[in-house]
Amino acid sequence: MQLDNITIFEKQSLAPYAYTQAGGVVDYLAIPQSLTELKKLLHWAKDEQLAVHVFGRLSNLVVRDGGVRGLSILLHELHSITTEGHNIVAETGADLILVAEVAMEHSLTGLEWGAGIPGSVGGAVFMNAGAYGGQTDMVVTSVTAVMPDGQLQTFPRDMLAFGYRQSLFQTNGGIIVSATFDLHPDDKQAIQQRMDVNNFKRADKQPLNYPSNGSVFKRPEGYFAGKLIMDSHLQGVRVGGVEVSKKHAGFMVNVANGTGNDYEDLIHYVQKTVQDKFGVLLETEVRIIGER
């Protein structure tokens, strides 16, 4: 169906859009090309009394096989990146990897840790993503979002309530539309070298040859999730088509047309096994949504 030249797909699977290549069918799916289109979609959903679910690159998400009711919006087409002096302003759907590359091209340091993270700017802010000693809250100075009343609001860093894999947007209902990164000048070759080192570490340790959500669990205090899973002899354990990676125990990979339910069931199995063996409850870093 069409809404002012915006295509709204009905009964659409999320699997082709997800990093895991798994996910159920949503009632309605739209991919806005601009902020104006996003606002129109939100207004339409409100008029139709539809729940709204907003996603970036679907890189930190498990969608159950029963899918999601209401309107699902993918923001990956809102991906502009601009530089303003030492600042980079990126729209919510911009790839964090690409933002890091733009920073490097402009001899700006601070985003080397994001050079290999497969997610969007909006997702990075929402989850306060981080790796290799860097984290979103270290470089983001402000975030602009569409609030539930339809108005744009810009939040400075001290209002963003960042924590370990947490941000204000997990509770305030705002839809992130852009973020400003405050970076610092440095030698371009030195920045590139640090990015290369991080990407080498990632390729050496992580199972990049299979679809996955990256790290599944948060780091429990005093432990490493991957080591707990490895010491529980869970590497290679499979539910349906999803397997605990033999290369990195903190990852679950889609090796044989796995489903969202496969991911969730394997997550619960790993959690129970680790808790029974070590008394540690692993909390998920990935979000699990939808109906069974």
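Numbering of residues begins at 1 and proceeds along the displayed sequence. Computed from a prediction, not measured in an experiment: that's the story for all the values here.
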ask   = What distance separates Q135 CD from M138 CE, expressed to the nearest 0.5 Å?
value = 5.5 Å
request  = Mark yes or no for whether H248, through its side chain, and G250, through its backbone, hold a donor-acceptor pair below 3.5 Å.
outcome  = yes
task = Work out which heavy atom in S59 is nearest to a heavy atom in N213; give both atom names and the distance.
result = O-OD1, 3.1 Å
inquiry  = Tell me whether L234 shares a hydrophobic cluster with V239, the cluster being built from Ile, Leu, Val, Met, Phe, Trp, Tyr side chains joined at under 4.5 Å.
reply    = yes
ask   = Which one of T136, L168, I176 satisfies the side chain to side chain contact (heavy atoms under 4.5 Å, CB included) criterion with V143?
value = I176
query = Do L35 and L41 share a hydrophobic cluster, counting only Ile, Leu, Val, Met, Phe, Trp and Tyr and linking them when any side-chain heavy atoms are less than 4.5 Å apart?
reply = yes
request  = Would you please indicate yes or no on a ring centroid separation below 6.0 angstrom for Y223 and F278?
outcome  = no
ask   = S142 and T154: which non-hydrogen atoms are nearest, and at how many Å?
value = CB-CG2, 4.1 Å
inquiry  = Can you tell me how far apart CD (Q206) and OG (S212) are? Round to the nearest 0.5 Å.
reply    = 7.5 Å
Side chain Q12, main chain L29, donor-acceptor under 3.5 Å = no
inquiry  = I need the single residue from H86, R194, H184, K188 that forms a side chain to side chain donor-acceptor pair (under 3.5 Å) with T109. Which is it?
reply    = R194
message = Main chain of Q151, side chain of D149: is a donor-acceptor contact present, judged purely on distance under 3.5 Å?
response = yes
note = Taken to the nearest 0.5 Å, the spacing of Y19 OH from L58 CG works out to 10.0 Å
query = Is it true that V102 and L108 fall in one hydrophobic cluster, defined by side-chain heavy atoms closer than 4.5 Å?
reply = yes
inquiry  = Check whether D182 reaches the backbone of V139 with its side chain - one donor and one acceptor, N or O, closer than 3.5 Å.
reply    = no
inquiry  = For a quick check under 3.5 Å, do Q2 and T7 share a side-chain donor-acceptor pair by atom type?
reply    = yes
key: T259-R64 side chain donor-acceptor pair, cut-off 3.5 Å   = no
key: Donor-acceptor pair, side chain of D137 and main chain of N128, under 3.5 angstrom   = no
ask   = Within the distance-only criterion (no hydrogens, no angle test), does the side chain of S245 pair as donor or acceptor with the backbone N or O of M252 below 3.5 angstrom?
value = no
Flag, side chain of Q166 to backbone of F162, donor-acceptor distance under 3.5 Å = no
query = Charged N to carboxylate O under 4.0 angstrom, D65 versus R292?
reply = no
key: Atom pair CG/CZ of L160 and F169 - distance to nearest 0.5 Å   = 5.5 Å
note = Rounded to the nearest 0.5 angstrom, the OH-CZ distance for Y17 and R57 is 12.0 Å
inquiry  = For H268, I'd like to know if atom NE2 has over 12 heavy atoms of other residues, nucleotides or ligands within 6.0 Å.
reply    = yes
ask   = Of the non-hydrogen atoms in L183 and N87, which two are nearest, and what is the gap between them?
value = N-OD1, 4.4 Å
message = For D204, is there an ion pair with K247 - N to carboxylate O distance below 4.0 angstrom?
response = no
key: A18 backbone acceptor or donor facing Q21 side chain under 3.5 Å   = yes
inquiry  = When you compare the side chains of T141 and T180, does any donor N or O come within less than 3.5 Å of an acceptor on the partner?
reply    = no
query = Does the side chain of S178 come under 3.5 Å of the side chain of E91 through a donor N or O and an acceptor N or O?
reply = no
ask   = Is the closest basic N to carboxylate O distance between E285 and K218 below 4.0 Å?
value = no
request  = Count the heavy atoms of every other residue, nucleotide or ligand shown that sit under 6.0 Å from CZ of F155, and state whether that count exceeds 12.
outcome  = yes
